[in-house]
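Numbering of residues begins at 1 and proceeds along the displayed sequence.
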Amino acid sequence: TAYTTAHLSNAMDRGYTELLRLHGAAGARMIAESHTAAIARVESIVESEGIDCDFERVDGYLFTPRGDDTMPLRQELQSAQMAGLLGLEWHFETLVGTIDLGPSIRYPRQAQFHPLKYLAGLREAIVRNGGTIYGNTKVERVGSDRTVETDNGCRVAAEHLVIATNTPINDRLALHTKQSTYMTYAIAGRVPRGSVRRILLWDTLVPYHYVRTAPLDAEWDLLIVGGEDHRVGQENDAVDRFNRLERWMRERFPTVQEIEYRWSGRVVYTIDGIAFIGRNPTGDERVFIATGDNGMGMTHGTLAGMILSDMIIGRQHRWERLYDPARRTVGALGEFVKGNMATAASYTDYLTAGDYPDESSIARGSGAIVRHGWRKAAVYRDEAGTCHTFSAVCPHMKCLVRWNSLDKTWDCPCHGSRFSAMGEVIQGPATENLAPFGTKTEAEEKPQEQA
């Protein structure tokens, strides 16, 4: 959550033209209704719990760069209106700062907030109402009997279990074949207070850009711009992507001063544009999951709380079937095939050469994949010059990890698992660390079969 730019919006990442095709008119109306309700729920919680998190209602604008074909944007306006969104307006000119951004759709009553301040308020409310939160507790396994095992050997049993880990860590295949994991990048530049309107902004480029402001101090705001997405583990050119983001920002917002922050985050996309929220598709019906936020994590996460709390107490929720993780969306078959072909292609890494012929070429503070015979090692050379060597095989589904020079992590291109430079798992679906090199895994013993 700390990595999100925290747009609270019902203008869906996939677009209502596509959502109408995938989910039909009734489904698209429920999508619009549910995300509108999620924004209202956050606002209600902020007010009732007295959470100081910079929450404010703002308008959102989806725009097409001047000179591009406006027909897809006009179609999106019509589709969003068919889905039941109210108050939408067509704007031929949208002025942000001093730059004319071209034709756009205005989405009224969107919102933005500081996500960590909001979480801190939720934490205080939970504890105040008798709840207990255990931080710094790593789950390594989820049992079929609603038990979890932690890395310190503890075993916790529950009457109901919710796996809300961005991407599920309990199943190997049930949902990972129906979603893909992407990296997204963001920068925040200092601008004079009030020089950029307080709105949400998205363009129609591929990959697209998303923009908001946030208060910094009495004199300055932060202008936050994100984009340049790519599949996890598929690229290692973060410097170029940050440069492109900054160039895009400065061309449109001339009041930007210094760039204060740069960061990357992970986004999980489903094949049909909305999250999987509900009962786990396999196993115990009292195990629930929430995953596949599609770049809409703040509203999808809120919806998960609304839907799952009803399901746990045995009350059917209006949107339960729409977000059911076991759903089959016929129109998304093409995305299913495309995503799994990209995953399958990653297994060919077993047959390629390493990044370097040996460890001697690896710079301090960097990592690389090195081939040793028919096996591959993930080698990190620390700042002192010592090499730390691990198996390059991701313990989740045996793909080979790749080095991420920005975050200094080992990233799996198949299902998005990420590991620290020292091989420790930091993001699922993997729950185990990279094995020390020399420990043969089943995949390494039969690389040709896996490939």
Side-chain angles (χ1 to χ4, degrees), residues 1-4 136 138 151 166 181-189 224-247 258-267 346 349-350 352-373 375-396 399-428 430-439 441 444:
T1 300
Y3 298 107
T4 183
N136 301 312
K138 176 187 169 187
D151 60 346
N166 197 16
T181 308
Y182 281 72
M183 295 299 297
T184 189
Y185 298 83
I187 58 175
I224 303 169
V225 175
E228 293 292 333
D229 300 15
H230 65 81
R231 280 186 65 130
V232 169
Q234 299 285 7
E235 307 290 344
N236 189 21
D237 57 352
V239 172
D240 292 339
R241 292 176 189 272
F242 282 133
N243 288 340
R244 288 195 291 270
L245 278 180
E246 183 174 353
R247 186 163 56 247
E258 303 86 359
I259 302 301
E260 300 286 342
Y261 304 102
R262 294 176 173 83
W263 72 95
S264 65
R266 193 176 71 155
V267 182
S346 298
D349 284 356
Y350 277 96
T352 62
D355 299 324
Y356 297 117
D358 55 54
E359 289 83 351
S360 64
S361 302
I362 302 173
R364 295 189 179 199
S366 186
I369 301 298
V370 177
R371 177 175 287 283
H372 288 275
R375 304 173 65 208
K376 284 188 171 180
V379 183
Y380 170 65
R381 185 184 294 278
D382 63 26
E383 297 294 346
T386 302
C387 282
H388 306 270
T389 306
F390 312 93
S391 167
V393 177
C394 174
H396 174 239
C399 282
L400 296 183
V401 298
R402 298 172 184 175
W403 178 247
N404 177 335
S405 57
L406 171 67
D407 297 322
K408 295 187 183 299
T409 58
W410 302 105
D411 296 353
C412 177
C414 287
H415 302 107
S417 297
R418 305 183 74 200
F419 306 83
S420 73
M422 298 299 292
E424 298 172 335
V425 61
I426 53 177
Q427 288 183 314
T431 58
E432 300 173 13
N433 299 336
L434 295 178
F437 190 71
T439 304
T441 67
E444 290 176 306

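- The two residues I369 and A392 come nearest to each other via the heavy atoms CD1-CB, 4.0 Å.
- When every heavy atom of E432 is checked against every heavy atom of F419, the shortest pair comes out as O-CE2, 3.3 Å.
- K376 places a side-chain N or O within 3.5 Å of a backbone atom of T352 that can act as its donor or acceptor partner.
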Candidate pair L406 and F242, rule side chain to side chain contact (heavy atoms under 4.5 Å, CB included), full reasoning: CA-CA 11 Å; L406 171 67; F242 282 133; 3.7 Å; yes
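- Between L434 and P395 the shortest heavy-atom distance is CD2-CD, 4.1 Å.
- Ring planes of H388 and F390: parallel class, angle under 30° (limits at 30 and 60°).
- Partners of E424 under the salt bridge (Lys or Arg N to Asp or Glu O under 4.0 Å) rule, at least two apart in sequence or in another chain, do not exist in this structure.
- Taking the side chain as every heavy atom from C-beta outward, Y380 and S420 never approach each other to under 4.5 Å.
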Show your reasoning for whether side chain to side chain contact (heavy atoms under 4.5 Å, CB included) applies to V393 and L400. CA-CA 5 Å; V393 177; L400 296 183; 3.6 Å; yes
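- Note: D237 CG to R244 CZ = 6.0 Å, rounded to the nearest 0.5 Å.
- Rounded to the nearest 0.5 angstrom, Y182 OH and R266 CZ are separated by 14.0 Å.
- Although no hydrogens or angles enter the test, the distance criterion places a donor-acceptor pair under 3.5 Å between the side chain of R364 and the main chain of E383.
- Here D407 pairs with M183, S264, N404, T409, R418 under the side-chain contact (heavy atoms from CB on, under 4.5 Å) rule; sequence neighbours left out.
- Across all their heavy atoms, W410 and A421 have their closest contact at NE1-O, 3.2 Å.
- Between the CD atom in Q234 and the CG atom in D411 there is a gap of 10.5 Å [rounded to 0.5 Å].
- In terms of heavy-atom proximity, R381 sits nearest to E359 at NH2-O, 2.8 Å.
- When all heavy atoms of C394 and V401 are compared, the closest pair comes out as CB-CG1, 4.1 Å.
- Applying the side-chain contact (heavy atoms from CB on, under 4.5 Å) criterion to S360, with sequence neighbours excluded, gives D358.
- A donor-acceptor pair under 3.5 Å is absent between the side-chain atoms of R402 and the main chain of P413, judged by distance alone.
- Between the side chain of D229 and the main chain of T184, no donor-acceptor pair closer than 3.5 Å is present.
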Assess the residue pair K138 and V425 against the criterion (side chain to side chain contact (heavy atoms under 4.5 Å, CB included)); give the C-alpha distance rounded to whole Å, side-chain angles, the decisive distance to 0.1 Å, and a yes or no. CA-CA 10 Å; K138 176 187 169 187; V425 61; 3.3 Å; yes
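- Once rounded to the nearest 0.5 Å, the distance linking OH of Y3 with CH2 of W263 reads 11.0 Å.
- R241 places no side-chain N or O within donor-acceptor distance of the main-chain N or O of Y185, the cut-off being under 3.5 Å.
- Considering CG of D240 and CG of L245, their distance stands at 11.5 Å, rounded to 0.5 Å.
- Using a 4.5 Å heavy-atom cutoff, the side chains of W403 and K408 are in contact.
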